[in-house]
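Notes follow once the structure below has been shown.
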Amino acid sequence: MSQKKFWAWTLCTLGLVTLLAGWTANRAVLGQRIAEAEDYLLLQNNLRREVLARFLETAEAELRFWSSNPELVGFQRFLSLAWADAVAQGTDPEQRLRKVYIEDNPYPEGERGRFVDEPQASPYRTLHARLHPLTRKFVTERGYYDFFLIDPDGHVSYSVEKEDDFGTSLIDGPYRDTGLGDVFRRALASEAEDRVVYSDFESYAPSNGDPAMFMANAMHDSDGKLIGVLAFQLPTDRIAHIMDAARAGSSSGEAYIVGEDRRMRSQSRFSEESTVLKTEVDTGPARQALDGEYGVTLAEDYRGIEVYSAYSSFTLDEHQWGLLVEIDRAEVLERASGQRGWLAGLMILLCGLSLIHISEPTRPVG
């Protein structure tokens, strides 16, 4: 074989081997990056689920503490008796409470909880003046939206925020078919079990139509007699913050919750407007999560963009949520492509070394 043909054949062979090695190495790097992304998404999914569970466990513990607090139990017992006495005397306690705390409240809607009551004005207002600073401080410091006392007949006889649900009946009033009405009835139905019950997110008119979620527990006196229900309106921003923590270190990563109606229960990072209860997520991973499955897959998300999605389910009382953590496929590929430069350099180096080795004259032995 002539030297010209030899070098032509050698160069072609080395080129093909280099291209094949480079392609193989690139596929290996891409596969490694995809595997790392999937592991990260599953880890974040597990973490978000655990943090959400701990938040709700803490809320349950605080609800149980307050529902058995002797001072609050005494206040609730008084409220139930006072309401019944007022009705028996032909007066309307709902109207009287709403006049003092809503109609004549010197603070505007959204700030009515700041009203400092006048002791001695009436037995109710005397107790309210003693209780309200404590419960308002608790709600403010712990981040809850509202705190309700409801008597066994469904009257909302106390709340911190004094929104339009205050003083109304959850049996036949305007908010009986809301999440607050739902948890009140279910707390009564399960009062012998002392079970904490939850509502799902829903648009709640007294809170400006914003998404709201409630939890409740029955209250008993020292003799075990049912005296009412304590309910919290949970902070939706806390749940959003738990989900938002999954985006750290990623330009496209996000975590969110989907309800059984296939609508978001937390905020999308890609929208300036609220997506809670508004954005529909009818994707493969969302359906698998709501079916109780767990895993990670490549699929289109609610924006129509290909993502790697880790999905799992979260059971909240009678409600099933899907929890999804996702990252754009393009970002994963971009991370992998960042290593192509050194791979190309390595292949060129190996090719050059091979040529040097081939071009060296063979030295005789001995």
Side-chain angles (χ1 to χ4, degrees), residues 59-89 91-98 100-102 112-113 115 117 119 121-139 142 144-163 165-171 173 175-176 179-199 206 214-234:
E60 284 192 22
E62 291 176 335
L63 181 70
R64 291 184 184 280
F65 167 79
W66 278 98
S67 64
S68 60
N69 178 277
E71 187 171 5
L72 192 68
V73 167
F75 188 40
Q76 177 57 28
R77 186 192 299 110
F78 163 80
L79 290 178
S80 297
L81 294 173
W83 195 289
D85 288 344
V87 171
Q89 294 171 15
T91 60
D92 187 346
E94 176 181 334
Q95 184 180 20
R96 291 172 62 184
L97 289 179
R98 290 176 65 84
V100 172
Y101 295 100
I102 295 181
R112 292 175 185 144
F115 176 52
D117 216 333
S122 71
Y124 178 94
R125 296 185 68 177
T126 299
L127 285 174
H128 186 279
R130 190 173 70 193
L131 173 70
H132 188 66
L134 299 176
T135 54
R136 184 168 183 265
K137 182 179 180 181
F138 166 73
V139 166
R142 297 299 298 156
Y144 292 100
Y145 187 92
D146 210 344
F147 180 115
F148 303 90
L149 287 172
I150 311 163
D151 72 22
D153 295 322
H155 303 112
V156 182
S157 49
Y158 173 80
S159 79
V160 168
E161 291 300 317
K162 304 300 189 295
E163 291 186 328
D165 45 19
F166 174 62
T168 65
S169 170
L170 297 179
I171 298 296
Y175 305 114
R176 62 186 181 278
L180 182 60
D182 174 62
V183 294
F184 162 71
R185 286 186 292 274
R186 290 197 292 117
L188 285 187
S190 60
E191 59 100 3
E193 306 167 32
D194 192 32
R195 186 165 66 91
V196 172
V197 296
Y198 292 86
S199 74
F214 301 90
M215 62 189 302
N217 189 40
M219 299 178 69
H220 300 85
D221 63 16
S222 57
D223 296 327
K225 180 183 177 182
L226 175 70
I227 58 170
V229 169
L230 173 64
F232 291 169
Q233 187 170 341
L234 290 167

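Being a predicted model, the structure only gives us computed values, none of them experimental.
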Interatomic spacing from [atom1] in [X] to [atom2] in [Y] - rounded to 0.5 Å:
| X | Y | atom1 | atom2 | value |
| --- | --- | --- | --- | --- |
| D85 | S80 | CG | OG | 11.0 Å |
| H220 | S68 | NE2 | OG | 11.5 Å |
| E60 | R195 | CD | CZ | 10.0 Å |

Within a strict 4.5 Å, meaning less than it, do heavy atoms of the [X] and [Y] side chains meet?
| X | Y | value |
| --- | --- | --- |
| D151 | L79 | no |
| T135 | Y158 | yes |
| R136 | F115 | no |
| L72 | L149 | yes |
| R77 | M219 | no |
| H155 | E94 | no |
| V139 | Y145 | no |
| S199 | L180 | no |

### Message
Determine whether E161 and Q233 satisfy the following criterion, side-chain contact (heavy atoms from CB on, under 4.5 Å), listing intermediate values before the conclusion.
### Response
CA-CA 10 Å; E161 291 300 317; Q233 187 170 341; over 6 Å; no
For a quick test of reading the model, state the closest non-hydrogen atom pair linking [X] to [Y] and the distance between them.
| X | Y | result |
| --- | --- | --- |
| V160 | D146 | N-OD1, 3.0 Å |
| M215 | L63 | CE-CD2, 4.0 Å |
| F78 | P123 | CZ-CB, 3.7 Å |
| S157 | L97 | O-CD1, 4.2 Å |
| L226 | A218 | CD1-CB, 3.9 Å |
| I171 | R176 | O-CD, 3.3 Å |

### Task
Just do the side-chain contact (heavy atoms from CB on, under 4.5 Å) check on L127 and L131 with the steps written out, would you?
CA-CA 6 Å; L127 285 174; L131 173 70; 5.9 Å; no
Is there a donor-acceptor contact under 3.5 Å from the side chain of [X] to the main chain of [Y]?
| X | Y | value |
| --- | --- | --- |
| S190 | E193 | no |
| R98 | G167 | no |
| R142 | A59 | no |
| D223 | K225 | no |

### Query
Is the number of heavy atoms from other residues, nucleotides or ligands under 6.0 Å of R64 CZ greater than 12?
yes
### Query
Going through the distances and angles, do L170 and V229 end up as a side-chain contact (heavy atoms from CB on, under 4.5 Å)?
CA-CA 11 Å; L170 297 179; V229 169; over 6 Å; no
Where does the angle between the aromatic ring planes of [X] and [Y] fall among parallel (under 30°), tilted (30 to 60°) and perpendicular (over 60°)?
| X | Y | result |
| --- | --- | --- |
| F147 | W66 | perpendicular |
| F232 | F138 | tilted |
| Y124 | F75 | tilted |

### Query
Ring centroid separation for Y175 and F184, is it under 6.0 angstrom?
no
### Query
Name the one of H132, R130, H128 that satisfies side-chain hydrogen bond (donor to acceptor under 3.5 Å, both in side chains) with D117?
H128
#### Entry: Worked verdict on D153 versus W83 for side-chain contact (heavy atoms from CB on, under 4.5 Å)
CA-CA 10 Å; D153 295 322; W83 195 289; over 6 Å; no
